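Okay, structure first, notes after.
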Number of protein chains: 2
Amino acid sequence: MSKASDLAYARIRQGITAGEWSPGTPLREEELAALCGVSRTPVREALRRLEAEYLVRRTEGARSFVADWSADDVAEMFALRAILEGHAAARAATRITPEAIGKLQALNAEVHASCGTDDTDRFLAANRGFHAIVLEAAASPRLAQMLGALVEQPVVRRTAQRYGRGEFVRSHAEHAALIEAFLARDAQWAQSTMTGHIRRAFHAFVAVSGSED
Amino acid sequence: MSKASDLAYARIRQGITAGEWSPGTPLREEELAALCGVSRTPVREALRRLEAEYLVRRTEGARSFVADWSADDVAEMFALRAILEGHAAARAATRITPEAIGKLQALNAEVHASCGTDDTDRFLAANRGFHAIVLEAAASPRLAQMLGALVEQPVVRRTAQRYGRGEFVRSHAEHAALIEAFLARDAQWAQSTMTGHIRRAFHAFVAVSGSED
DNA sequence: CCCCGCCATATTGTATACAATAGCGCATGC
DNA sequence: GCATGCGCTATTGTATACAATATGGCGGGG
């Protein structure tokens with residue numbers, strides 16, 4: 001999209017995902033416009049986009065706030081991710097190219113490297129890249145759009161800071177299994193592995209988020 | 001949303017879904033604004049919403065057109081519907097109230113009534129209502145939003161005009177089975193039935209759309 | 001004859017002014 | 001003291017003017 005609109009989108013999104021503004025914070029158009037150095041028009045467009053990604057919530061009276069995810073919201077999100085990413089893995093299994101598998105191996109090596117550190121951002125970046133490659137190999141634009149709106153939620157990022165290295169190791173092993181399934185071109189195996197991966201991540205999240213707030 | 005924006009959305013959506021403008025038709029903001037009797041601002045918002053529903057397609061240059069669905073697009077849409085509606089049915093099975101089941105029975109009676117006619121619109125309206133109740137019973141707002149953007153595509157509506165009464169009868173029987181599964185509170189049965197229902201509908205669509213255009 | 005680049009213009013993007021409306025506090029009456 | 005209704009104010013919705021940009025045709029060159 002166009003310059004000002006994209007700028008406002010990126011800036012507001014960053015403010016939300018980086019935790020600059022906590023959930024429930026009101027987002028006034030004029031204030032955001034001043035912050036981004038643009039007029040209200042592109043800010044309004046950005047807010048609509050962010051609302052579609054569940055990062056912004058609007059009241060009946062059309063006021064905007066930083067979205068506040070309940071435990072139920074998170075559970076729903078993981079349930080949908082488990083289904084959709086599982087489907088993506090199944091599709092990818094019969095479509096993925098050797099080059100893409102190479103990228104997966106490289107990204108999973110990066111995940112492995114992060115196992116020796118406590119660098120959560122590094123792990124998350126490699127993990128995100130891995131899932132993005134799988135999604136791309138699934139070759140289903142609407143599926144990609146749906147999942148795009150689901151992942152990368154601030155709640156997940158916040159609690160990820162509490163993951164231990166054990167989480168990194170588990171993810172690495174599951175990713176490796178997925179790569180095996182891809183090499184075998186086994187859709188069912190790939191799907192099961194991915195769905196299990198997401199479900200386990202959900203329970204890791206629950207275990208770690210218990211004492212949040 | 002607000003008045004002018006909603007009006008523009010409803011009017012443009014109608015123009016697309018009713019087939020007033022065929023796929024590929026350019027949608028100029030000023031022209032639509034004049035047609036709806038509002039300014040370009042609410043028209044722009046309406047176009048963004050319709051784009052999210054895959055009813056409008058935008059070029060790199062940001063011009064808008066009535067979306068043109070390829071056979072692959074339709075196949076992808078049905079694949080996603082089969083998964084997501086199957087999931088919705090599974091969730092609904094353990095959550096649905098007796099009142100909602102009553103509504104399903106009433107709507108399926110309406111489907112049955114349409115079996116004796118060639119009134120496709122009547123069948124489609126009852127069918128749409130039936131699926132909406134299931135989705136509501138699934139109690140998953142994000143799932144509802146995803147499916148909302150997927151169903152009610154003009155291509156489907158167009159080819160539905162060619163469905164024979166056999167299609168109506170099949171749908172009625174499958175809906176009846178789904179109600180049975182709900183009464184038994186059997187999530188797996190409900191999911192299988194719904195997924196099968198959508199997949200069969202897909203093949204009915206393919207069979208009927210072969211000679212289109 | 002075809003291809004490429006430039007320019008006119010159609011179309012969208014942004015800013016700003018104004019209108020409508022929702023939220024909120026205060027005063028008033030019970 | 002509390003509820004309720006009114007009016008002010010903050011905030012969003014809409015219209016319009018202007019800026020930026022893509023598009024398509026036309027002319028020149030290969």
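Owing to the predicted nature of the structure, the values given are computational and were not obtained by experimental measurement. We name chains A, B, ... by the order of the sequence lines, and we start the count at 1 in each one.
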Taking atom CD of B/Glu30 as the centre, does the number of heavy atoms from other residues, nucleotides or ligands within less than 6.0 Å exceed 12? no
Just wondering, are more than 12 heavy atoms of other shown residues or ligands nearer than 6.0 Å to CD in A/Glu136? no
If I take atom [atom1] in residue [X] and atom [atom2] in nucleotide [N], what distance separates them, rounded to the nearest angstrom?
X	N	atom1	atom2	value
B/Arg28	C/dT11	CZ	P	5 Å
B/Asp6	D/dT12	CG	P	18 Å
B/Arg63	D/dA20	CZ	C1'	13 Å
A/Arg40	C/dC18	CZ	C1'	11 Å
B/Arg44	C/dG13	CZ	P	4 Å
B/Glu31	C/dT12	CD	C1'	14 Å
B/Leu47	D/dT14	CG	P	14 Å
A/Lys3	D/dA22	NZ	P	12 Å

Under 4.0 Å, heavy atoms only, any strand: does B/Leu27 hit a base, just the sugar-phosphate, or nothing?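 Sugar-phosphate, backbone atoms only, no base.
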Please compare A/Glu60 and A/Pro42 by the position of their nearest nucleotide in DNA chain C and report the one closer to 5'. A/Pro42
Out of C/dG13, D/dT14, D/dT12, which has the shortest distance to the side chain of B/Ala4? D/dT14
Any idea which of D/dT14, C/dG13, D/dT12 is nearest the A/Glu29 side chain?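 The closest nucleotide is D/dT12.
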Considering all heavy atoms of both residues, which atom of B/Val156 and which atom of B/Phe205 are nearest to each other, and what is their separation?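 Smallest interatomic distance, heavy atoms only, reads CA-CE1, 4.0 Å.
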Quick check on side-chain hydrogen bond (donor to acceptor under 3.5 Å, both in side chains): which of B/Arg200, B/His172, B/Arg162 does B/Glu167 satisfy it with? B/Arg200
Less than 4.0 angstrom between a side-chain N/O of [X] and OP1 or OP2 of [N], yes or no?
X	N	value
A/Ser39	C/dA15	yes
B/Arg58	C/dG13	yes
A/Ser2	C/dT14	yes

Looking only at the aromatic ring of each residue, does the gap between the centers of B/His131 and B/His197 stay below 6.0 angstrom?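 Judged by ring-centre distance (under 6.0 Å), B/His197 and B/His131 do meet the cut-off.
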Nearest-nucleotide 5' precedence on DNA chain D, A/Ser64 against A/Thr41: A/Ser64
